[in-house]
**Q** 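Could you have a look at this structure, given as C-alpha cells, before my questions?
A note on names: the letters A, B, ... follow the listed sequences, proteins ahead of strands, and every chain is numbered from 1.
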Amino acid sequence: MSCRNNIGHILIRLITSLFLLVSSNVNANVMNNPDKVNDKIEAMIVDVGVLATRGVLEAKQRWQPTLIWLQEQIPNSEFRLHPYTLAEMETAVQQQRVDILVTNPGQAVRLGRQYPLSWLATLNSQLGDGTHVIGSALIVRADSHYQHLVDVSGDKIAAVASNAFGGYLTMLLAVQNQGINPTAFFSDVSFLGFPVDAIIYQLRDGYFDAAVVPVCQLESMLEEGLIVESAFRVLNNISPSDFTCAVSTRLYPNWSIAKTTAISATLAKKITRALFALPANHPASIAAHSTGWIPPISQLSVDQLYRDLDIHPLQRPLWQEAVVWIKKNQQWAWVVFLFVLLLSVYHLILEYRFSRSERVLKATLNRLKEKNAMLEHAQRVAIVGELGSSLAHEINQPLTAILNYSQGGLLRIKKGAATTDIVPVLEKIQQQVKRADDIVQRLRTLINKRTVAKSSCDIETLISDTLELVEYDFHQKNITVNRVCLGNTVILNADIVGLQQALLNILNNAADACLMRKLPQSIDNEIKIKSQYTADKLTLTLTDNGVGLTAANAELQNAFFTTKKDGLGLGLAICRDVIDAHHGQFTLTPADPVGCCVTITLPLTHTV
Amino acid sequence: MNKTIEKSFISVPTYVVDDDESVRDSLAFMLDSYDLNVTTYTGGQVFLDNADIMQPGCVILDSRMPELRGQDVHAILSRCHSPLSIIYLTGHGDISMAVHALKSGAVDFFQKPVDGEKLVQAISIAAKKSIQRSEQLKALLSYQSLTDRERAILLLLIKGKRNQQIADDLCIAVRTVEVHRSSLMKKFNAKTIAELVLQYGMVVN
C-alpha cells in the first residue's frame with residue numbers, strides 16, 4: 001500500500017524531529033516566563049480528559065484514584081475527570097476544553113502532530129517490559145475453523161473504530177505486513193465503538209466471525225468472570241514470553257499523559273514529579289493496571305505505523321509531495337519538460353513527413369491506375385486489331401474467289417457460253433459463300449461472347465465506382481461531373497461488369513467529345529449524370545456539352561464506325577448489347593445548346 | 001473499259017502461285033475467260049521446281065504462303081535473272097509491303113479481291129515487259145560469251161566499219177575478222193548488222 005520514495009521518508013522524519021524540537025522549544029520559552037498568578041491564590045482547576053475504552057464507569061474506576069493522588073500531591077489543585085471517546089477527545093482538544101489528556105499512543109501521536117501537546121510521562125505496565133504493551137488481538141470463536149490470519153480475510157469482522165489504535169489500526173498494519181491485501185481482509189468490517197466489551201459479546205453470540213480488540217481485553221474480561229476462556233481463540237498469537245496477554249500484532253508504547261499549552265511549566269513540573277513519585281503498589285497504580293509512571297518513551301513506532309498505513313496526520317497528500325519534489329529538483333523537471341517538448345516536435349515532423357509521403361503515394365497510385373487503364377485499352381485494341389486482321393484475311397479468300405468466278409462467268413456468257421457451262425461456276429460461288437460463313441462461325445465461337453452474370457446491383461454505387469475510375473483522367477482534362485438522383489433508389493438485378501463497361505464507354509465518349517469541341521473555349525467541360533427512379537423503370541441520362549452528334553443515328557451505332565482518329569468504333573455497339581441484355585433502351589439525342597445526351601432506360605420489374 | 005488483248009501476248013504463259021485452292025481455281029477460271037495461258041501452282045517451291053523460269057511469262061504471286069513467301073520467290077527469281085514479271089495478289093498487305101515489292105522490281109501489287117479487268121490489264125503490261133526483259137537477258141548472255149577479240153570487233157562493227165577497216169585497226173588479217181564476225185553474229189543470233197546493233201543496245205542499257 002505505501003510506496004513512499006526515500007525522499008518522502010526522509011522528509012517525514014525531518015519534519016517529525018523538527019516538530020519535536022519546536023515543541024520542546026516552546027516548553028523552554030514558557031519556562032522562562034513563570035506564571036505566578038495561578039500558583040498562589042485560587043485553586044487550579046485542571047480538566048483531564050481520559051480515553052474511556054471500556055466505558056465511562058470503568059474509566060472513572062481506573063483513573064480517579066490517580067487524580068486524587070495528584071490532588072493530594074499538589075496543593076490548591078483540583079483535577080476533574082472527563083471520560084471521552086476517541087472523537088470526543090479530539091473535539092475537546094481542538095476546542096481547548098482539556099488541559100491534560102491520558103490516551104493511547106495512537107491518538108496521542110495523532111493529536112500530538114496536529115495540536116501543540118507535550119508528553120509528560122508514560123504509564124508503566126505490569127506486563128512485559130512495561131512500556132510496550134499496546135496491540136491488537138484477533139479473536140475468533142473456539143469452535144470456528146480459522147487457523148491463520150489469512151483465513152479470516154473477507155469474512156465478517158468487528159473492530160472498534162477506523163481510527164482506533166489497538167482496536168483496528170495495529171491489526172491493519174499487521175495484516176498488511178503479512179502480505180495480505182488489507183482492503184480485501186477488512187472488506188466486511190463493522191466498527192462498533194466503545195465499550196470494547198460489546199464487541200466480544202457480539203462475537204460470542206455469532207453476529208461476527210472475528211473481532212479485533214485491544215490486547216489484554218480478553219484477559220481482563222476473563223479475570224472479571226465475564227466470559228469463558230474456552231469459548232475463544234486468538235489467531236496469530238505472537239506474544240513475547242514475558243507478556244501474559246495474547247497479541248496478534250507487535251507491541252506499541254503504553255498510554256501516555258500529555259499537557260496542552262493551558263498548563264504552565266511550573267504546574268507541569270509539579271504534576272510530573274507527583275506522577276513519578278507514585279509508588280508501584282499504591283492503589284492508584286493498581287487501579288490503573290500499572291506500576292507507576294516513567295518518563296515518556298519514543299513514539300516513533302507509532303509514527304511509523306501511521307506512515308506505513310499512509311495516514312500520518314503530517315503527511316502530505318501525494319500531489320503536494322510531488323510539487324515539493326519538483327520544486328526541489330527543478331532542473332530535472334525542466335529536462336523532462338524539454339524532452340516532452342522535443343518529442344512533440346518530433347511527432348509533428350513525423351506527421352508532416354507522413355502526410356507528404358501519403359500525397360506522393362496517392363499521386364503514384366493515380367498514375368498507376370492511369371497506366372493500368374491505358375494498358376488494358378492497348379491490350380483490347382491489339383486483340384481487336386488482331387481479330388480484325390485475321391478476319392479480313394480469312395474472308396478475303398472466298399470473296400476473291402467469288403469475284404473471280406462471277407467475273408469469269410459473266411465474260412463467258414458475253415462470249416456466248418452455254419447456260420450449262422455457267423451452272424458449275426455458280427455452284428462454286430455458293431461453295432465460297434459457305435466457306436465465308438464457316439469462317440464467320442469459327443470466329444464467332446473464338447470470340448466467345450462473355451457469359452452474362454447478373455447479380456444485385458446498386459446503380460448509384462456503380463456510377464460512383466465508375467466515376468472513381470475516370471476521376472484522375474477527367475481532372476486532368478478539366479471536366480466536371482454533376483450528379484443528380486431522383487426518386488427512391490432501388491437495387492436492380494443486373495450485369496454489373498457489362499453496365500460498368502457501357503458507362504465507361506459513354507463517359508469516355510463524352511470526354512472525347514468535350515475535348516474535340518473547338519469553340520467556344522469559354523464553356524467549362526461538363527458532364528451531367530441524372531438517375532431517375534420511377535415505379536417501373538430507371539432512366540439514366542448522361543449529358544455532355546461536347547462537340548455533339550455529327551453523324552446519322554443509324555450510322556453511329558454500326559460497328560467499326562468512328563469519328564475518332566484512333567477509335568475502333570465498337571464502344572456504342574458494346575453499350576447497345578449490354579442494354580439489350582437487360583431489355584432496356586439506349587438512345588442518343590443532341591443536347592441543347594451543344595453536346596450529346598445518352599438516355600438509358602432499364603426496367604425495374606423483377607422478371608429480368 | 002474493254003480493251004482487246006493482242007493475241008501475240010497470249011503465248012506468254014501466266015503462272016498463278018497461291019496456297020488457297022479456291023483462289024487458284026477461280027483465278028484460273030477467270031483468266032481463262034480472257035484466253036490467257038494459265039498454269040497454277042500450290043506454292044513457291046513447286047513453282048520454282050516445275051516452271052521454266054528463264055522463259056518470259058507473268059507470275060501472279062500471293063504473299064502469305066506456307067514454306068516460301070511470295071517475297072522469297074521474288075528474290076530467288078531476281079537472283080536467277082529470271083525474265084518473269086511479278087504481279088503480287090495478296091489477301092493482306094500494307095503500304096510498306098507494296099513499296100518494297102515494287103522497288104524490288106514487281107510490276108504491280110493488288111489486294112484481294114481484285115477486279116478481273118484490272119488484273120488482266122496488268123498481266124498484259126507485265127507480259128510485254130517480260131518479253132523485253134527476256135530478250136535483254138539473251139543479249140546480255142550472248143555478249144558475255146564473246147571473247148575479247150570478238151568484243152573488240154563488235155565495237156568496231158557497231159561504229160559501222162567494214163571488215164577491211166577493222167582488220168587494219170586491229171592489225172589482223174581480214175579473214176580473221178570474217179571468222180570472228182560470223183561467230184559473234186551467230187552468238188547474238190543476228191542476221192543483219194541492224195539486229196546486232198539492236199541487241200548491243202539492249203546490253204548497254
**Q** Check this for me: B:Arg151, atom CZ, are more than 12 non-hydrogen atoms of other residues, nucleotides or ligands nearer than 6.0 Å?
**A**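 Atom CZ in B:Arg151 is crowded, with more than 12 foreign heavy atoms closer than 6.0 Å.
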**Q** Around atom CD of B:Glu21, are there more than 12 heavy atoms from other residues, nucleotides or ligands closer than 6.0 Å?
**A**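 No.
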**Q** Does atom CG of B:Asp148 have more than 12 heavy-atom neighbours, drawn from other residues, nucleotides or ligands, at distances under 6.0 Å?
**A**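 No, CG of B:Asp148 has 12 or fewer neighbouring heavy atoms, counting only those of other groups under 6.0 Å.
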**Q** More than 12 foreign heavy atoms under 6.0 Å from CD of A:Gln379: is that the case here?
**A**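 For A:Gln379, atom CD is not crowded (no more than 12 foreign heavy atoms under 6.0 Å).
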**Q** A:Asn396 and B:Lys112: which non-hydrogen atoms are nearest, and at how many Å?
**A**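 Smallest heavy-atom distance, with atoms named: OD1-O, 3.1 Å.
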**Q** Give the minimum heavy-atom separation between A:Tyr405 and B:Phe29, together with the two atoms involved.
**A**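 The answer is O-CE2, 3.5 Å.
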**Q** Can you tell me how far the CG atom of A:Leu399 sits from the OG atom of B:Ser22, to the nearest 0.5 Å?
**A**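 Reported to 0.5 Å precision, the distance equals 10.5 Å.
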**Q** Would you mind telling me which of A:Gln431, A:Lys428, A:Gln432, A:Lys415 has the largest number of heavy-atom pairs within less than 4.5 Å of chain B?
**A**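 The residue among A:Gln431, A:Lys428, A:Gln432, A:Lys415 with the greatest pair count is A:Lys415.
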**Q** Could you tell me which portion of B:Arg24 (side chain, backbone, both or neither) has an atom closer than 4.5 angstrom to a non-hydrogen atom of chain A?
**A**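 The answer is neither part of B:Arg24.
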**Q** Check this for me: B:Lys118, atom NZ, are more than 12 non-hydrogen atoms of other residues, nucleotides or ligands nearer than 6.0 Å?
**A**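 Result for NZ/B:Lys118: open.
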**Q** Please identify, among B:Val23, B:Asp20, B:Leu27, the residue contributing the most non-hydrogen atom pairs under 4.5 Å to chain A.
**A**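 Highest number of pairs under 4.5 Å: B:Asp20.
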**Q** Drop me the distance from B:Leu31's CG to A:Asn404's CG, to the nearest 0.5 angstrom.
**A**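 It is 7.5 Å, given to the nearest 0.5 Å.
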**Q** Can you check whether A:Leu411 reaches B:Met30 side chain to side chain, under 4.5 Å on heavy atoms?
**A**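 Sidechains of B:Met30 and A:Leu411: no contact.
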**Q** Can you name the closest pair of heavy atoms from A:Thr400 and B:Ser26 and give their distance?
**A**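 Scanning both residues, the minimum pair turns out to be O-OG, 4.5 Å.
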**Q** Are more than 12 heavy atoms from other residues, nucleotides or ligands located less than 6.0 Å from atom CD1 of B:Ile95?
**A**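 For B:Ile95, atom CD1 is not crowded (no more than 12 foreign heavy atoms under 6.0 Å).
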**Q** For A:Glu526, does the CD atom sit with more than 12 other heavy atoms under 6.0 Å from it, leaving out its own atoms?
**A**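 Atom CD in A:Glu526 is packed in, count exceeds 12.
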